[in-house]
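Here the structure is laid out as structure tokens; the discussion comes afterwards.
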Number of protein chains: 2
Amino acid sequence: MPGHMAWLTMDKTYRSDCPIARMLDLVGDKWTLLILRDVLVFGCKKYGEFEHRVERIPTNILADRLKRLVQYGLLHKVPYQDGPKRYHYLPTPQGKAMLPVISAMRDFGETYLGGRVPAG
Amino acid sequence: MPGHMAWLTMDKTYRSDCPIARMLDLVGDKWTLLILRDVLVFGCKKYGEFEHRVERIPTNILADRLKRLVQYGLLHKVPYQDGPKRYHYLPTPQGKAMLPVISAMRDFGETYLGGRVPAG
DNA sequence: CGGGATCCGTCTTGATACTG
DNA sequence: CAGTATCAAGACGGATCCCG
């Protein structure tokens, strides 16, 4: 990827040049990484699949985060049916590149927070 | 650490059993992991050192997050001077265990967000 | 019914002023 | 230097409504 790797774009500007700060400008909230978990770990694709997971994300937040993740280039929104039109939310390569972050979080959480990954 | 590893405690309850969700209940905001970055990557110890970093965290948020990180058991607040009393914020073993999460974020950010870690 | 959009009250953030 | 206080602005959360 000499030089020509596509960078993800934000709607607003980043706080600083630090890659960690930029990460948090993208996914630094309570829900975004959970949606990515659902995509990458549990293979969720449809709106309703995200909506009905154990954490019960509010629908307005879900709609907003899906939109942002598509804007940022972490998810694709691909139609799979007409009338009524329905969409799958699928990870882009950049979205898949989030997996190590999620795995590191899972490792910490399992060791120190007494968590177990919920059944798919 | 067969079984008897101390779990971190929250002030409120967790959303679910998922270790990733629990992680985000602890550090799922724009600033908390940035403070941990300052501690673990740049060796910041004192209030003023956190305050004057490039991202310019608001002081009320800084005070709040330091308090929470101490409550959660990720940082220690150790006195290093009397009259006026001053404190160092130092990582606990659990705090140090966050490093893989931060490293994974840095890797992603450097690859996809055009970030470079700011000078210490 | 699935996939959202809209309202609205509440809680959190962020900027800055202030204090010991 | 290390925080608190204040307060406007924004994010969250939930309920409800809407549309195909």
Side-chain angles (χ1 to χ4, degrees), chain A residues 10-16 21 24-35 38-39 42-72 75-90, chain B residues 10-16 21-22 24-36 38-39 42-72 75-90:
Chain A
M10 273 257 291
D11 41 7
K12 40 183 180 166
T13 57
Y14 294 107
R15 275 177 291 181
S16 80
L24 293 171
D25 284 334
L26 281 190
V27 301
D29 69 276
K30 274 181 59 178
W31 293 107
T32 303
L33 281 172
L34 230 48
I35 294 174
D38 292 340
V39 173
F42 299 115
C44 292
K45 294 182 181 62
K46 302 198 281 187
Y47 191 94
E49 295 178 320
F50 300 108
E51 189 181 358
H52 295 122
R53 302 230 98 237
V54 282
E55 290 89 5
R56 304 249 119 214
I57 183 170
T59 69
N60 57 342
I61 308 263
L62 175 57
D64 176 76
R65 293 304 189 278
L66 287 174
K67 191 175 301 178
R68 285 173 46 181
L69 286 168
V70 170
Q71 280 173 0
Y72 296 166
L75 295 182
H76 265 146
K77 183 176 184 175
V78 317
Y80 70 93
Q81 163 188 309
D82 289 333
K85 217 145 181 30
R86 300 277 187 247
Y87 300 91
H88 280 331
Y89 294 91
L90 303 174
Chain B
M10 276 255 290
D11 40 10
K12 38 183 180 168
T13 58
Y14 294 109
R15 275 178 290 182
S16 79
R22 290 184 171 206
L24 293 171
D25 285 334
L26 280 190
V27 301
D29 71 278
K30 276 180 56 178
W31 292 108
T32 304
L33 280 171
L34 231 48
I35 294 174
L36 253 10
D38 292 341
V39 172
F42 298 117
C44 292
K45 292 182 182 62
K46 302 197 281 187
Y47 191 95
E49 296 178 317
F50 300 107
E51 188 180 356
H52 296 121
R53 302 229 99 236
V54 282
E55 290 90 3
R56 304 249 118 213
I57 183 171
T59 65
N60 57 340
I61 307 269
L62 175 57
D64 176 75
R65 294 303 188 276
L66 287 174
K67 192 174 301 181
R68 286 175 43 181
L69 286 167
V70 169
Q71 279 173 1
Y72 296 165
L75 296 181
H76 264 147
K77 185 175 184 175
V78 318
Y80 69 94
Q81 164 190 306
D82 289 334
K85 216 141 180 38
R86 299 275 187 249
Y87 299 91
H88 280 331
Y89 293 92
L90 302 175

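Below, chain A is the first sequence line, B the second, and so on; all start at residue 1. Keep in mind it's a predicted model, so treat the numbers as computed, not measured.
- A straight line from NZ of B/Lys45 to P of D/dA2 spans 13 Å, rounded to a whole angstrom.
- One interatomic measurement links the two molecules: CG of B/Leu66 to C1' of D/dT4, which rounds to 14 Å at whole-angstrom precision.
- Taking the side chain as every heavy atom from C-beta outward, B/Leu24 and A/Trp31 never approach each other to under 4.5 Å.
- Aromatic ring orientation, A/Tyr89 versus A/Phe50: perpendicular (interplanar angle above 60°, classes split at 30° and 60°).
- The backbone N or O of B/Ser16 sits less than 3.5 Å from a side-chain atom of B/Arg22, completing a donor-acceptor pair.
- The phosphate of D/dC1 (OP1 or OP2) has no side-chain N or O of B/Tyr80 nearer than 4.0 angstrom.
- A straight line from CD of B/Glu51 to P of C/dA17 spans 14 Å, rounded to a whole angstrom.
- In this structure, A/Lys67 atom NZ and C/dA5 atom C1' are separated by 8 Å, rounded to whole Å.
- Applying the 4.0 Å criterion to OP1 and OP2 of C/dG4, one finds that A/Tyr89 has a side-chain N or O inside that range.
- Nearest approach of A/Leu26 to A/Arg68, heavy atoms of both residues: O-NH2, 3.4 Å.
- In this structure the side chain of A/Lys46 reaches within 4.5 angstrom of the side chain of A/Tyr80, judged on heavy atoms.
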task = Treat primed atoms plus P, OP1 and OP2 as sugar-phosphate and everything else as base, then score nucleotides 9-20 of chain D 5' to 3': B for base contact with protein heavy atoms under 4.0 Å, S for sugar-phosphate contact only, - for none.
result = ---SBBB----B
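- Between the side chain of A/Asp25 and the main chain of A/Arg15, a donor-acceptor pair closer than 3.5 Å is present.
- Rounded to a whole Å, the CD1 atom of A/Ile35 is 14 Å from the C1' atom of C/dG4.
- Put simply, A/Lys77 has a side-chain N or O that comes within less than 4.0 Å of OP1 or OP2 on C/dG4.
- Distance CD1 (B/Ile57) to P (C/dG14): 8 Å, rounded to an integer number of Å.
- In this structure, the CG atom of A/Leu62 is 16 Å from the P atom of C/dT6, given to the nearest Å.
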